[in-house]
Participant: 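The following block contains the structure, expressed as structure tokens.
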Amino acid sequence: MEDYNPKNIEEKWRAKWSDDDHYAPNGDDKNKKLYVLDMFPYPSGSGLHVGHLEPYTATDIYSRYFRMRGYNVLHPMGWDAFGLPAENYAIKTGTPPQETTAKAIDTFRGQIQRMGLSYDWSREIGTHNPDYYKWTQWFFLLLYNNGLAYKKKAKVNWDPVDQTVLANEQVLPDGTAERSGAKVVQKDLEQWFFKITDFAEELIDDLDSVDWPDYTVANQRNWIGRSEGAEIEFGIKKKFNFVLLHGFTGSPKDNFFPWLKEQLEAQGHTVQMPTLPDTNEPTEEGQVGHVLKTCTFDENTILFGHSLGSVVALKVLEKLDIRIAGLVTAGGFVDPNFADEDRIFADKFKWIFNFEKIRNAAGFITVLQGDEDSAVSDEQAARLAQGLNVPVVRAHVGEDHFCAKEEPSILRAVVPSIRVFTTRPDTLFGATYIVLAPEHELVEELKDTIKNWNEVAAYVEAACNKTDVERTGEDKDKTGVKLEGVTAINPANKEEIPIYLADYVLAHYGTGAIMAVPAHDERDYEFAKKYDLPIMPVVVPTVDFAVSYIMGQKDISKKDIEGIGGTVEGVTEEGYLMVSFPKKNADAFEKMIVEKMEPGFWNEYISDETVFIFKHRDGAIERLILSGENDGKIRKLGHQFNDDEDTDESVWAWLGENAFYGQFFVSHKEGVMLNSGQFDGMANGEAKKAITEFVGGETKTTYRLRDWLVSRQRYWGAPIPIVYDPEGIPHPIPEEHLPWTLPTDVEFTPHGTSPLGQSKELAERTENIFGKGWKPEVDTMDTFVDSSWYFFRFTDPNNEKEFASKKAMKYWMPVDLYMGGAEHTVLHLLYARFFTKVLNKLGYIDFNEPFAALRHQGTILGEDNFKMSKSKGNVINPDDVVDAYGADTLRVYEMFMGPLEGTKPWNTNSVAGSHRFLKRVWGLVQKQEARIKSQEGGKDTASNAVVVAQHRTVKKITEDTDKLRYNTAVASFMEYVNVLYEEPHTKEQLDALVLLLAPYAPFIAAELWEQLGNEGAVHEQPWPQYDEAKTQTDTITVPVQVNGKLRAQIEVSADIADEELQQQALAHENVQRHLEGKEPKKVIVIHQKLVNIVV
RNA sequence: GCCGCGGUGGCGGAAUUGGUAUACGCUCGACACUUAAAAUGUCGUGUCCGCAAGGACUUGUGGGUUCGAGUCCCACCCGCGGCACCA
């Protein structure tokens, strides 16, 4: 009888299983395919830790289990090999990342193979291999060619010491860099982005279709952050002096001109609308001269030109020696080359412009281009905009080339206004000021109008120099500055309201501007309090108010209120205590009032949501009750006892007078409109829509999600496949030049620019292929790009023509079980889903979500309950555990520790316990050999108990393995083995045990299967079956309760009738004793389960 | 603050769909084997009362529903994770 020696058997079987594709899928039955995937690791220099092994073992058990059930299982492994640690190591030591990475991968692979994990090594991939990143680059081009990758200037965190860009996560709350401790500055850099925001809606909606942990789905939703609301336009209170110039063959009576004039004059502006001379044969001198002669210009002038009128406008500005408020063009151009026909005026104008002069002569400039303009091409518009250094603004036109009688987009563009995004359009009447983000473009536009410009400019500069962290983190004390000399008009009530600049409004969210409603928004409230701005409640919460002055004998504290399930809603400035509590607690509430205050309190007026407002007032016995019904109406105050008091006060009058609204109104989002003109009395939910329509606003959904910045000023990543022509215009590298390889002639020490910039080879390569003066992009891609598509590659890893064939993806995808760390609940999963949606949209695949089911493993802590770390010295090295106990023990222990997703501490004693269990399994089989010998000729028998245990165990392990409940599965193994030690059994029970154990402890199972004299490999056997009938015992123990308390256990035949069971239960001695001679009122018999006798 | 998850012995954790709470393992104690230790085996191990039979209490706290609640409902407390001046 041999002792269990894991070292020997594990070596033996590992050698047998060592060929690359030992575990390659080999069937083609689509109905029985299973793709089981681990999040592939970053191969770090320090090797695998025990935490890696938990998910790997979990998916391995799952894969082996389904193989035994006849499934065609794809279970691959690879390396997320690009990344910072290897590069940082290179900076320190000069060792190229290629070398360290290759070494680390070998270590990882060796450790993984040692654990008996059944990966198909013929599909191994590494993201750093040119064969792989060729396709990463191909994906970049796919996005680029479909308008989903673009370059723009972005504000980034720059560490002046390390000379590199930092992620937001790497900047501490005090604005210093986590690593270097240097003060991080904001720097504008040209960066590449992926347009993930285009998919925000699907990324949220499709979460409904996946089997993922709740919190992962919630985190994704949270991150994407959908808000439904409206955009509303606020006019600026200022009288402008408009000069409107019509176009070629036009007149002020044509098109939208009369309408526009009427609209502007209605808003109080003055309008000059000259008839330009020789409209059918215009000349520059004639038209420009006429305008300069007949129109007056001042700093409040807004010059507008339609079509040729815009050319006239430009020429006029060239000649003006004062600065006007703004310039707007619609269908304008600076280039006489028309696609359709030549224009007669083409050589009557000089097509050279002094753009610099023009730009300086106008406060703001807007270039409008209608959709599909047949007269002016997009290119002409773009040239105009480029000269003026502004973006082209796309406008929906009423008719081609802005020729309708009404053109609202022009009206909007011509009058400076502020567009805000709000989720609470119902509170529009309560908007008492406007806040712009410091970066808001309007600030610059209004430069000439703002009286305190120096102060404003200083605030803007200070805000722009702050990092995001500084602006949003730590003390959120609100700061801001008022724009003097400019006010806005609330479009709902036409009130004039001030405009502030404050950094609590973020430029990149919504429109970068908000309407502030201090009565219904905490932040606005705080700001309003600080700057003494008016607060106007417009929604009264749908609750009843009961207002009471009570004789204050004892104080009611917050604790008293909460003790009876009430909520303290707030304290008014005058010291009133506002309280609400559920109606069912009314009695308790009254009791408290009586105890604390005075007798005879009432509760018949309390509804489900009643807010009480108390005021202690010595001697006063006055009660004011407002409403006994909650019907959404605003009630007048009434007096319960003191009829001589004034009863005409409105809720609002009372509340307003006491000015407690901050907290209370903000926390109640539902209610009835008030102070909102015609909308008074409407439910606020309805008012959202009604008020949006009333002011011509637009319903809008906004997302928190921002586009994905993929540029990294780093070496160890996939180079971005872009080159720049001598004018600096980016061009995609044609596919035939992929992989666009990472150069090796670089130094790793940071210089503040991307390491690729130093490469001579890369520069020469670029010029050789594209021509003199062409330059390569020197940034590499975020490593999250590499991992956003690797699961596709595994389905077809050696394909040289495509990233994966449609056939292979159709067969294998989506991933049936994806296992990995909870730290990836947001970024990696979001990016992978984004790539999948792009491929779906472009017709490469026909599914929408890459990972059908997802599970996370929890963290394994050190024995001291702290996270394992070198500095704490609590790291468990898996190699040591394997050396001491074998891989099977480590596998079984990690599965037995607790639920997969839980955080749990390592416990060396428990490892020994798992080892003991395997030794006991081993011992059973050794004894079996001896038993067979001693029983030669005799008869093998198994007890009933053992047969029942066998079938129950098969059932339980099958169910638990299906559901990845491995901890309870291992517990069942232990119970079964305990039974086998006590009861006579045959080889059948041992075979079942070894088969069940095969996915969990593959080495010992293989060895014992052989020792039991069975043919073939244990892992290729069919999964054992159980017989439901054999899971039942002949007799059962039924608990008997008296009044719900356990008083006896009776042993009865399993097929006993309920009546018989009841009789036996009643007959039991201890039961009789507890009945104390009384007749049972009721006896509850749960078939085969329980008897409860009620007396 | 908002969203999500959880709270059960000395520890990790079980408990079907409302039906014997504490399975399984660890720890600890006693015993057996041994010159001894390790290993192994047997028994015990929620708290309290009791020699025992038996009884009382117990799943974060307080209420509720039910013949019966760890499980369902209400309120609260605590812990973990995510987001956080996102209008």
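Proteins come first, then strands; the chains are lettered A, B, ... in the order of their sequence lines, and each starts at number 1.
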Participant: Using Watson-Crick or G-U wobble geometry with both distances under 3.5 Å, which nucleotide pairs with B:rC67?
Facilitator: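 By the stated definition (distances under 3.5 Å), B:rG19 pairs with B:rC67.
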Participant: Could you give the distance separating B:rC49 and B:rG41 at their C1' atoms, to the nearest angstrom?
Facilitator: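 Looking at atom C1' only, B:rG41 and B:rC49 are 34 Å apart.
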Participant: If you check every side-chain atom of A:Q1041, which of B:rA87, B:rA21, B:rC24 has the closest atom?
Facilitator: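 Of the candidates, B:rA21 comes closest.
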Participant: Please pick, from B:rG19, B:rC24, B:rC67, the nucleotide with the shortest atom-to-atom distance to any side-chain atom of A:I1086.
Facilitator: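 Among B:rG19, B:rC24, B:rC67, the one nearest the side chain of A:I1086 is B:rG19.
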Participant: State which of B:rU20, B:rA87, B:rC83 makes the closest approach to the side chain of A:V505.
Facilitator: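 Of the candidates, B:rA87 comes closest.
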Participant: Determine the interatomic distance between C1' on B:rG62 and the same-named atom on B:rG50; round to the nearest Å.
Facilitator: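 Here B:rG62 and B:rG50 have their C1' atoms 33 Å from each other.
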Participant: Please name all residues satisfying ring pair (Phe, Tyr, Trp, His ring centres under 6.0 Å) with A:F896, sequence neighbours left out, ordered by chain then number.
Facilitator: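 Not a single residue meets the ring pair (Phe, Tyr, Trp, His ring centres under 6.0 Å) criterion with A:F896.
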Participant: Tell me whether the OP1 or OP2 atom of B:rA87 has a side-chain N or O from A:S227 closer than 4.0 Å.
Facilitator: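 Yes.
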Participant: Using the six-membered ring wherever Trp is involved, compare the ring planes of A:F784 and A:H824 and label them parallel, tilted or perpendicular (cut-offs 30° and 60°).
Facilitator: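 Ring orientation, 0 to 90° scale: perpendicular.
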Participant: Mark up nucleotides 37-44 of chain B, 5' to 3', with B wherever a protein heavy atom is under 4.0 angstrom from a base atom, S wherever such an atom reaches only the sugar-phosphate, and - elsewhere.
Facilitator: --SSS---
Participant: Over all strands shown, is A:G913 touching base, sugar-phosphate only, or nothing at heavy-atom distances under 4.0 angstrom?
Facilitator: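 Sugar-phosphate, no base atom in range.
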Participant: For A:F527, give me all partners under ring pair (Phe, Tyr, Trp, His ring centres under 6.0 Å), at least two apart in sequence or on another chain.
Facilitator: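 Only A:Y433, A:Y500, A:Y504, A:Y531 meet the ring pair (Phe, Tyr, Trp, His ring centres under 6.0 Å) criterion with A:F527.
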Participant: Do the rings of A:W922 and A:Y4 sit parallel, tilted or perpendicular, given the 30° and 60° boundaries?
Facilitator: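 Correct class here is tilted.
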Participant: So, does A:Y509 get its side chain near the phosphate of B:rA87, meaning an N or O under 4.0 Å from OP1 or OP2?
Facilitator: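 Looking at the OP1 and OP2 atoms of B:rA87, one of them is under 4.0 Å from a side-chain N or O of A:Y509.
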Participant: Taking atom C1' in both B:rA14 and B:rU22, compute the distance separating them and give it to the nearest angstrom.
Facilitator: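 Comparing C1' positions in B:rA14 and B:rU22 gives a spacing of 8 Å.
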Participant: How many whole angstroms separate atom CG of A:D521 from atom C1' of B:rG1?
Facilitator: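 Rounding to the nearest Å, CG of A:D521 and C1' of B:rG1 are 12 Å apart.
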Participant: Enumerate the residue pairs fulfilling salt bridge (charged side-chain N to carboxylate O under 4.0 Å, His left out) with a member in residues 1085-1095 of chain A, sequence neighbours excluded, ordered by first and then second residue.
Facilitator: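 Residue pairs with at least one partner in residues 1085-1095 of chain A: there are none.
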Participant: Sugar-phosphate means primed atoms, P, OP1 and OP2; the rest is base. With that split, encode nucleotides 4-17 of chain B 5' to 3' as B, S or - using protein heavy atoms under 4.0 Å.
Facilitator: SS------BSSS--
Participant: Give A:E522 one of three labels, base, sugar-phosphate or nothing, depending on what nucleic acid heavy atoms sit under 4.0 Å from its own.
Facilitator: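 Since no nucleic acid heavy atom lies under 4.0 Å of A:E522, the category is nothing.
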Participant: If you compare all heavy atoms of A:L501 against all heavy atoms of A:A437, which two are closest, and at what distance to 0.1 Å?
Facilitator: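 Closest approach of A:L501 to A:A437: CD1-O, 3.9 Å.
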Participant: Take atom CG of A:N219 and atom C1' of B:rG82, then tell me their distance rounded to the nearest Å.
Facilitator: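 In whole Å, B:rG82 C1' and A:N219 CG are 4 Å from each other.
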Participant: Any donor-acceptor pair, under 3.5 Å, between the side chain of A:N909 and the base of B:rC26, if you only look at N and O atoms?
Facilitator: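 In this structure, the two groups form no donor-acceptor pair.
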Participant: Measuring only the P atom in each nucleotide, how far is B:rG60 from B:rU16? A whole number of Å is fine.
Facilitator: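 Nearest-Å result for B:rG60 against B:rU16 at atom P: 16 Å.
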Participant: Starting from the 5' end of RNA chain B, give me the residue, A:L1090 or A:G512, whose nearest nucleotide shows up first.
Facilitator: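 So the residue in question is A:L1090.
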Participant: When rounded to the nearest Å, what value does the distance between C1' atoms of B:rA69 and B:rG64 take?
Facilitator: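 Their C1' atoms lie roughly 11 Å apart.
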Participant: Classify every nucleotide of nucleotides 52-58 of chain B by which part a protein heavy atom approaches to under 4.0 Å, writing B for the base, S for the sugar-phosphate alone and - for neither, in 5'-to-3' order.
Facilitator: --SSSS-
Participant: I want to confirm an ordering. Mapping A:V1038 and A:T423 to their closest nucleotides on RNA chain B, which one lands closer to the 5' end?
Facilitator: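 Closer to the 5' end of RNA chain B: A:V1038.
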Participant: Tell whether A:K478 reaches the base of B:rC85 with its side chain through a donor-acceptor pair below 3.5 angstrom.
Facilitator: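 Side chain to base: pair found, below 3.5 Å.
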Participant: Roughly how far apart, to the nearest Å, are B:rA52 and B:rG63 at atom P?
Facilitator: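 About 34 Å, rounded to a whole number of Å.
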Participant: Please name the nucleotide paired to B:rG4 by Watson-Crick or G-U wobble geometry with both distances under 3.5 Å, or report none.
Facilitator: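 Check on B:rG4: paired to B:rC80, both distances under 3.5 Å.
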Participant: Taking only the P atom of each, what is the distance from B:rU47 to B:rA23 in whole angstrom?
Facilitator: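 One P to the other, the span is 13 Å.
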Participant: Could you tell me how far B:rU59 sits from B:rG9 if I compare only their C1' atoms? Round to whole Å.
Facilitator: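 Between the two C1' atoms, the distance is 10 Å.
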Participant: When you get a sec, tell me which of B:rC26, B:rG82, B:rG19 is the closest nucleotide to the side chain of A:S910?
Facilitator: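 Of B:rC26, B:rG82, B:rG19, B:rC26 is nearest to the side chain of A:S910.
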